Student: 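Let me begin by handing over the structure; questions about it come next.
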Amino acid sequence: MTDETASTGGAAAGDETGRRGLRIAQDTKRSLTLLSPTLILLILALAFPILVLIVLSFWTQTGMSLTPGFTTENYEAFFQKRIYYMLLLRSIENSAMVAALTVILAYPAAYFVAFRIKRRKVLWLILITLPFWTSYLLRIFAWKVILGYNGVINSGLIQVGLIDEPLTFLLNNRQAVVVTLAHAWAAFAILPIYVSLEKIDRSLLEAAADLGENPLWSFLRVTLPLSLPGVIAAALLVFIPTVGDYVAPKLVGGNNGLMIGNIVQTQFGRGNNWPLGAAISIISMLVITGIVCSFLLLVHQAKRRLA
Amino acid sequence: MSEKALSIEDMISRARAGKLSRRQFSQMLVAAGVTLTAVPVATRGARAEEGEAFYFTWGGYDIPELLEEYNEKHGAYPDTAPYASSSEGLTKVQAGFVVDVMHPCNTNMGEWIGSGVIQPIDTSKLSHWNDMIPSLQRIGERDGEHYFAAMEWGQTSIAYRPDLVDLQGEEESWGILWDERYAGRIGVLANEGDTWWCAAIYAGVPFDEIDTDENIEKVAALLREQQPLALSYYDDVTTMEQSLASGELVAAMTWNETPTRLIKQGVPIKWAAPKEGALTWVCGASIVTDAPRVDKAHDVINSLISPRSGEYVIDAFGYGHSNVKAFERVSAERLAELGLPRDPEKLLQAGKFQTEMSIEFQSKIANMFSDIKAGF
């Protein structure tokens, strides 16, 4: 308000630029003030722990005590034993499958709400996210109930007479982990895809129809490309956190579904080797960052080629 | 303020000197104000003897039935929190969780006393101390100081479904858990404190030589052989019991409480007496070095080793108790049903008695077993 009156009542030109400079400085100051709570929180809750982790990863531990110093032996240990990179690889594969599955399943749901629902969209969005109001652990247990030996699927199939013995390949393996995680993170995929679908200018679709495009082609050539930012965001939102998940593998992964997060947990727990755990975490973070960056680069290049 | 600054300087100098316990490391983080939100319980220490004692224990033992005497004395029950294994509990305490009493087992003593996590118990404060089975009193003793008050003892063996497992006329053996006919239907405990030792029994490794490199490799090889046969490695026996009841598992390595509970539910289950011997363990209570309520901690322990708690442990869990008088409170029929003799010394001597482990051995097998569980 005061700025407005100041500029409308403007005097000499030189005075004007001075004020503008002042205003920019004020804006910067104000935005910094507005940002500072977030910034402080980010530094405290993100940057500092990562710093601690980096420092820790160069230390060593004997028995219960940590020895500060500088050694790269924890990083060497990662590559010396097959288990660590094999598990990291398995975790990345799992999460890639989870991300793909989640996006494929989330897209129709988001599409439905964005295009077919005309009224009470918020209500629909709330309904979709309703399962996510319960705890993560409960949702995993729900999957144990569904996929289990005496679970919903098995007892259903036995009742119908399709099988005599319960199927054992449903639970306690990698697929179970992928299915559980895909469901657990579905909301994180539906919402960004919904937002990008919602933003699409409907007149573009009308134009496509007017120009004689059939619905399938107008979806593939108009809707899908325009919603890609949402799809990419959804894939990343699901992929990044699931690589490090250790709860779902522990509960539904059985004896061959374990992931890198379980190993990190052991190192900080019974294994009594925090520095090695820190090193494994950092390598995982770097690898994930690398994958995400190359993925984004690929998308960027593909876009340029199309344009 | 100056005091705090001093202690931080002190820590930095200690870090320079090259030794820093994980607890001190966590304290450094607290000093920096980072873990304040992550470990809110750490501030509990400031309240000194106020409030009730905190009993940090194995899941299932955080129940009022074992703490009645404490309640009578103080008019309230201790605060409790459960853990899935004592090593898990230790990790949390070292990361800054302030508690008074914990529930370790005899194998932990070397590690726990050695690293200074627990302090001597003043046995003169325990009215039930003199009723304890003498051989159990000696566990966790160092130079006349007692760091451990034994509470319950039991066995790790095999619970199997006699209707689904065919012994083919052979004696019961640990081999059931390595039988390829039951691939994918075998349950194993996730903590090395049980599994490693049971595999050592099956491998014929004597416990006093369990920590030689050769024997470690021998046991590891057996566990690797078992990995593809196991359905899952269990942290909680409840999940395992459900799978045994449904028939998804035909046999599992577990503790006495599993058959005790499942028989009560009418599930056909047998508690094996393997020809190689079952694993016998003793667990009990210790006072944490940094316990803010040492007096009340003694009352918690006295309550745990009381005949009344003993009666409950015997009847509900099927375990033996350290208090001789506890056995007098249980009927002879019930004891016979549970396979517990009135004179427990005999049974204790008959089993393969678990010994203390060093920190190095514990960390080593924990790491190896964790790799084995993941299939490597």
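All values below come from the heavy atoms of this structure, side chains included, with hydrogens, waters and symmetry mates left out. Protein chains get the first letters and strands the later ones, always in sequence-line order, with residue 1 at the start of each. Note that the coordinates shown come from a computational prediction; the quantities given were computed from them, not determined experimentally.
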Student: Using non-hydrogen atoms and a 4.5 Å limit, figure out which bit of B:Asn191 sits close to chain A: side chain, backbone, both or neither.
Tutor: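 It is both, since atoms from each part get that close.
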Student: Evaluate the side-chain proximity of B:Thr91 to A:Gln265: yes if any heavy-atom separation is below 4.5 Å, no if none is.
Tutor: no
Student: Are B:Arg185 and A:Thr168 close enough, and set up right, to give a side-chain contact (heavy atoms from CB on, under 4.5 Å), and what steps lead you there?
Tutor: CA-CA 10 Å; B:Arg185 302 182 77 180; A:Thr168 49; over 6 Å; no
Student: Please walk me through it: do A:Asn256 and B:Lys373 pass side-chain contact (heavy atoms from CB on, under 4.5 Å)?
Tutor: CA-CA 8 Å; A:Asn256 55 18; B:Lys373 281 187 282 188; over 6 Å; no
Student: Should the heavy atoms of other residues, nucleotides or ligands under 6.0 Å from CZ of A:Phe188 be counted, would the total exceed 12?
Tutor: no
Student: Pick one of side chain, backbone, both or neither for A:Ile263, based on which atoms fall under 4.5 Å of a heavy atom in chain B.
Tutor: side chain
Student: Please test B:Phe376 against A:Leu87 for side-chain contact (heavy atoms from CB on, under 4.5 Å), starting from the C-alpha separation and ending with a verdict.
Tutor: CA-CA 10 Å; B:Phe376 291 87; A:Leu87 277 188; 4.1 Å; yes
Student: At a 4.5 Å cut-off on heavy atoms, which part of B:Glu192 comes close to chain A: side chain, backbone, both, or neither?
Tutor: side chain
Student: Among B:Gly184, B:Ser243, B:Gly375, B:Ser85, which residue has the highest count of heavy-atom pairs closer than 4.5 Å to chain A?
Tutor: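 Top count of heavy-atom pairs under 4.5 Å with chain A: B:Ser85.
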Student: Below 4.5 Å from any heavy atom of chain B, which atoms of A:Thr266 appear? Answer side chain, backbone, both or neither.
Tutor: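 Only the side chain of A:Thr266 comes within 4.5 Å of chain B.
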Student: For chain B, which of A:Leu258, A:Asn150, A:Ile83 has the most heavy-atom pairs under 4.5 Å?
Tutor: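 It is A:Ile83.
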Student: Please report the interatomic distance CG(B:Leu231) to OH(A:Tyr149), rounded to the nearest 0.5 Å.
Tutor: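 Spacing of CG (B:Leu231) from OH (A:Tyr149) equals 10.0 Å.
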Student: Among B:Gly116, B:Ser246, B:Ala190, single out the residue with the greatest number of heavy-atom pairs under 4.5 Å to chain A.
Tutor: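 Most pairs with chain A among the choices: B:Ser246.
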Student: Nearest heavy-atom pair of B:Ser232 and A:Gly254: which atoms, and what distance?
Tutor: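 In terms of heavy atoms, the two residues are closest at OG-CA, 3.8 Å.
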Student: So what's closer than 4.5 Å to chain A heavy atoms on B:Thr239: side chain, backbone, both or neither?
Tutor: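 Just its side chain gets close to chain A.
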Student: Output yes when a side-chain donor or acceptor of A:Asn255 lies under 3.5 Å from a complementary backbone atom of B:Gln227, and no otherwise.
Tutor: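 Judged by distance alone, yes, a pair lies under 3.5 Å.
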Student: Above 12 or not: heavy atoms from other molecules or residues under 6.0 Å from OH of A:Tyr246?
Tutor: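 Counting neighbours around OH of A:Tyr246, 12 or fewer heavy atoms of other residues, nucleotides or ligands fall under 6.0 Å, so no.
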Student: Should B:Asn367 and A:Gln267 be marked as a side-chain contact (heavy atoms from CB on, under 4.5 Å) after you check the CA-CA gap, both sets of side-chain angles, and the distance that decides it?
Tutor: CA-CA 8 Å; B:Asn367 272 316; A:Gln267 298 307 335; 3.2 Å; yes
